[in-house]
Q: 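Below is the structure I would like to discuss, written out as structure tokens.
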Amino acid sequence: MSKMRTGLFAGSFNPFTIGHKSIVERTLAICDRVVVAVGYNPAKPAEDAEKRVETIRSIFAGEPRVEAVLYSGLTVEFARKCGADFMVRGVRGVNDFEYERNLAEVNLRISGIETLLMPALPELSFVSSSMVRELADNGYDVSRFLPAPGSDKQ
């Protein structure tokens, strides 16, 4: 029997967007389990991060291969702790690629864990958490950029 392969998709996910959901779904095509890890700073209240974890759990409520958890500290340390075979990072464009490639190299050198850089689908490449937050802060309806709870069943 072969070992179950686990991918770790970590970030702040503030908020978790349709772009993030796409990365999780596409990662499920190449591994058995995806751990979506919401990072937080322990010096700050964890309530907002805990709400993000609950939101992600509700989005993937019908998908037992997706687990949403809270973590702090270095991502590579958490990757080891949760038994990840690789880390997954979404890449929207050239700027993301440069940053993520360098981070992947450092993480590989200090942990031996590979990083899979997954390009965003072209139709989602403009969606970012910061853009969604800014629109929401200015009163715009951002629901088209956010997955609905239980939307993994569609």
Q: Is Lys81 paired with Glu77 through a side-chain N to carboxylate O contact shorter than 4.0 Å?
A: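 Looking at Lys81 together with Glu77, the answer is no, because their closest N to O distance does not fall below 4.0 Å.
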Q: Report yes if the side chains of Leu121 and Arg26 come closer than 4.5 Å at any heavy-atom pair, otherwise no.
A: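 In short, these two side chains touch, coming nearer than 4.5 Å.
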Q: Under 4.5 Å between any side-chain heavy atoms of Val91 and Met118, yes or no?
A: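 Answer no - side chains too far apart.
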Q: Within the 3.5 Å criterion, strictly below it, is a donor on Thr6 or Arg33 matched to an acceptor on the partner's side chain?
A: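 Yes.
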Q: Tell me whether Leu28 is reachable from Ile59 by hopping between hydrophobic residues (I, L, V, M, F, W, Y) whose side-chain heavy atoms are closer than 4.5 Å.
A: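 Yes, same cluster.
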Q: What's the shortest heavy-atom distance between Phe16 and Val36, and which atoms?
A: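 Smallest heavy-atom distance, with atoms named: CE1-CG1, 4.1 Å.
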Q: So, the side chain of Asn107 versus the backbone of Val76: is there a donor-acceptor pair under 3.5 Å, distance only?
A: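 No: the side chain of Asn107 does not pair with the backbone of Val76.
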Q: Are Leu146 and Met131 joined in one hydrophobic group, where the rule is that I, L, V, M, F, W and Y side chains link up if heavy atoms are under 4.5 Å apart?
A: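 The answer is yes; both residues are in one hydrophobic cluster.
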Q: Determine whether Arg65 and Asp32 make a side-chain contact, defined as any pair of heavy atoms from C-beta on separated by less than 4.5 Å.
A: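 Side chain of Arg65 against side chain of Asp32, heavy atoms only: no contact under 4.5 Å found.
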Q: Ignoring hydrogens, what is the shortest heavy-atom contact between Ala84 and Ile113? Give both atom names and the distance.
A: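 Heavy atoms of Ala84 and Ile113 come nearest at O-CD1, 4.4 Å.
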Q: Identify the two heavy atoms, one from Phe13 and one from Ala37, that lie closest to each other, and give their separation to 0.1 Å.
A: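 Closest approach of Phe13 to Ala37, heavy atoms only: CE1-O, 3.4 Å.
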Q: Is it true that, when you exclude Asn95 itself, more than 12 heavy atoms of the residues, nucleotides or ligands shown sit nearer than 6.0 Å to its CG?
A: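 Atom CG in Asn95 is not crowded, with 12 or fewer foreign heavy atoms closer than 6.0 Å.
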Q: Between Glu54 and Arg57, is there a side-chain N and carboxylate O pair less than 4.0 Å apart?
A: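 Looking at Glu54 and Arg57, the cut-off is met.
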Q: Without swapping roles, check the side chain of Arg133 against the backbone of Asn14 for a donor-acceptor pair under 3.5 Å.
A: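 Side chain of Arg133 to backbone of Asn14, a donor-acceptor pair under 3.5 Å: yes, one is there.
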Q: Kindly indicate whether the side chain of Leu8, heavy atoms from C-beta on, has any atom under 4.5 Å from the side chain of Phe78.
A: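 Sidechains of Phe78 and Leu8: in contact.
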Q: Checking Arg52 side chain against Glu47 main chain: does a donor-acceptor pair fall under 3.5 Å?
A: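 Such a contact is absent between Arg52 side chain and Glu47 backbone.
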Q: For the residue pair Pro147 and Lys21, what are the closest heavy atoms and their distance?
A: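 In this case the closest contact between Pro147 and Lys21 is CB-CD, 3.4 Å.
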Q: Looking at Glu105 and Arg109, does any basic side-chain N land under 4.0 Å from a carboxylate oxygen?
A: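 Yes, this pair counts.
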Q: Over all heavy atoms of both residues, which pair between Arg5 and Cys31 is shortest? Give the atoms and the distance, please.
A: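 Shortest heavy-atom separation between Arg5 and Cys31 comes out as O-CB, 3.5 Å.
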Q: Indicate yes or no: at least one non-hydrogen side-chain atom of Leu108 is less than 4.5 angstrom from one of Thr115.
A: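 No; the side chains remain at least 4.5 Å from each other.
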Q: Determine whether a donor-acceptor pair (N or O, by modelled atom type, separation under 3.5 Å) exists between the side chain of Thr17 and the backbone of Ser129.
A: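 Not at all, since once roles are kept as given, no pair shorter than 3.5 Å links the two residues.
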Q: Inspect the surroundings of CZ in Phe126 and state if more than 12 heavy atoms from other residues, nucleotides or ligands are less than 6.0 Å away.
A: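 Result for CZ/Phe126: enclosed.
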Q: Are Leu116 and Ile30 packed together at the side-chain level, in the sense that at least one heavy-atom pair is separated by less than 4.5 angstrom?
A: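 SC-SC contact between Leu116 and Ile30 confirmed.
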Q: Between Asp48, Val53, Thr55, which is the residue that forms a side-chain contact (heavy atoms from CB on, under 4.5 Å) with Val38?
A: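 Answer after filtering Asp48, Val53, Thr55: Val53.
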Q: May I ask you to decide if Ile18's main-chain N or O and Ser22's side chain share a donor-acceptor pair within less than 3.5 Å?
A: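 The answer is no, because no donor-acceptor pair under 3.5 Å joins these two groups.
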Q: Answer with yes or no whether the hydrophobic clustering places Val34 together with Val88; edges join I, L, V, M, F, W, Y residues whose side-chain heavy atoms lie under 4.5 Å apart.
A: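 Yes, one cluster joins them.
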